[in-house]
Structures are given as C-alpha cells and as structure tokens.
Amino acid sequence: MDSSSQGSGGMKGGIGGLFGGGAPEYSNTELAGVPLTGMSPLSPYLNVDPRYLVQDTDEFILPTGANKTRGRFELAFFTIGGSCITGAAFGAVNGLRMSIKDTRDMGWSKPRNVQILNMVTRQGASWANSLGSVALLYSVFGVAIEKARGAEDDINTVAAGTLTGMLFKSGSGLKGVARGGLAGLALSGAYALYSNWDRLTGSSSSSSRLY
C-alpha cells in the first residue's frame, strides 16, 4: 500500500510538473510553526487573501461635481408623494370615524355603506390635496432658496417652511398669513432641531468635558 501511495504521489508530481501546475504540499505539522502575525487567514476555498476583498471605498461612481447626498430637487418627489399618501390615509381614517359617528342610528344597510364610502373618499382626497399642496410649496421654496443662496443648510429649511405657511394661508387675510408663517416657522424649526439634535448634544457634551 505504501508503494502504491508513493507511486500515485509521484504520478501527481510528474503530471503537475509537466503542465506547470504542481504546488508543494505541506503537512499540518509543518504549517503549525509558520507565524501569521499581520496576515489574514486564507480562505480554504479560494487561494486569495481576504484583505483584498474588503471594500474600503464606495461601491458606486459619482459624476463630476455631484454630491453623495440627494439634494432638495431629488427629495421633492419623495416629499410630495409621501405627503399625498399620508394625507390620503389620515383622511380615510378620519372619514371612516366621522361617517360611523354620523350614521350610528342607521342599520347596516346599503345606504349606510354608500354614505360611509363617500365620506371616506371625500376626506381622503381632501387631506391628500392639502398635504400635497403644502409639500409642493415647501419643495418649490426650498429649491428656489437653495439655488439663490448657493448653499444647503437649515436656513433654507426654516425659510421654506415659513414662506410655505404664509402662502398657504394667504387667502385668510393678514392674520391668517401671520398664523401660517408662525406655524411654518415652528414646524420647520422643530424639524431642523430634530435633524441636528445628535450634533448639538455631541458638541455640548464635548464642551462640558473641556470645562
């Protein structure tokens, strides 16, 4: 049996040497004393160092001058669509609540079902239209202010929110414009504060450590 194993090993070595694919074979005992400091373990299936498979950079290519984050114009479509869907869902739930309350004296019949369906549809469309209009105005003001200032920061958010509230309530007179502006200022300011809360808390904690 030893002669057959030696013969098969010699045949493998001869064939490997003939085609240039022969590789030295080492036992586990011989490899046990090899230091692996600073080296990643090789894959048992691929003769590739796993360090070469680690992606330290982004796996996409940006056009020249493009930012890694989406701008207000790209986010406008998501904002408007999301506002319309949110308004439709909230309006449908509100319409269902109102219709059930108004028709509680009626039995479950076809006229009541039709009335409930009409109320749900009407309220859903009304809320979707209102929130979609607000999102459209906010997006337009945000893009316009960003292009005019040439910068993207929280000032654009607060200014766009204030102008959106003023224009949305412009049909209610000066008091309505003032209320709408204050509401837009409060909501946009709260959003800006929320989006920068981690940075504000981090800066405050670092300054407290210094003192």
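The residues of the chain are indexed from 1 along the displayed sequence. Keep in mind that what you see is a predicted model, and the values were worked out from it rather than measured.
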Could you tell me whether the side chain of Trp127 reaches within less than 4.5 Å of the side chain of Val93, counting heavy atoms only?
no
When you compare the side chain of Gln123 with that of Met98, does any pair of heavy atoms fall below 4.5 Å?
yes
Asn94 side chain vs Phe90 backbone, donor-acceptor pair below 3.5 Å:
no
So among Val134, Leu187, Leu136, which one has a side chain to side chain contact (heavy atoms under 4.5 Å, CB included) with Thr164?
Val134
Shortest non-hydrogen contact from Ala160 toward Gly142:
CB-N, 3.7 Å
Any Val143 side-chain heavy atom under 4.5 Å of Glu74 side chain:
no
Check whether Thr86 reaches the backbone of Ser83 with its side chain - one donor and one acceptor, N or O, closer than 3.5 Å.
no
Straight-line distance of Ile116 CD1 to Arg97 CZ, nearest 0.5 Å:
13.5 Å
Would you say that Met166 contacts Thr162 through its side chain, given a criterion of any heavy-atom pair below 4.5 Å between the two side chains?
yes
Is there a path of hydrophobic side-chain contacts, each under 4.5 Å between heavy atoms of I/L/V/M/F/W/Y residues, joining Leu137 to Leu163?
yes
Give a yes or no on whether the backbone of Val114 and the side-chain of Asn118 come within a donor-acceptor separation of less than 3.5 Å.
yes
Do you know which two heavy atoms are closest between Arg112 and Ile100, and how far apart they sit?
NH2-O, 3.8 Å
Shortest non-hydrogen contact between Phe168 and Ser133, atoms and distance:
CE1-CB, 4.5 Å
Gap between atom CE of Met106 and atom CG of Asn113 - 0.5 Å precision
9.0 Å
If you look at every heavy atom in Ser195 and Asp154, which pair is closest and at what distance?
OG-OD1, 4.4 Å
So do the side chains of Thr103 and Met119 get within less than 4.5 Å of each other, counting heavy atoms only?
no
Measure the shortest side-chain to side-chain distance between Phe141 and Asn156 over non-hydrogen atoms and say whether it is less than 4.5 angstrom.
no
Identify the heavy atoms of Gly132 and Cys84 that sit nearest to each other, and give their distance.
CA-SG, 3.7 Å
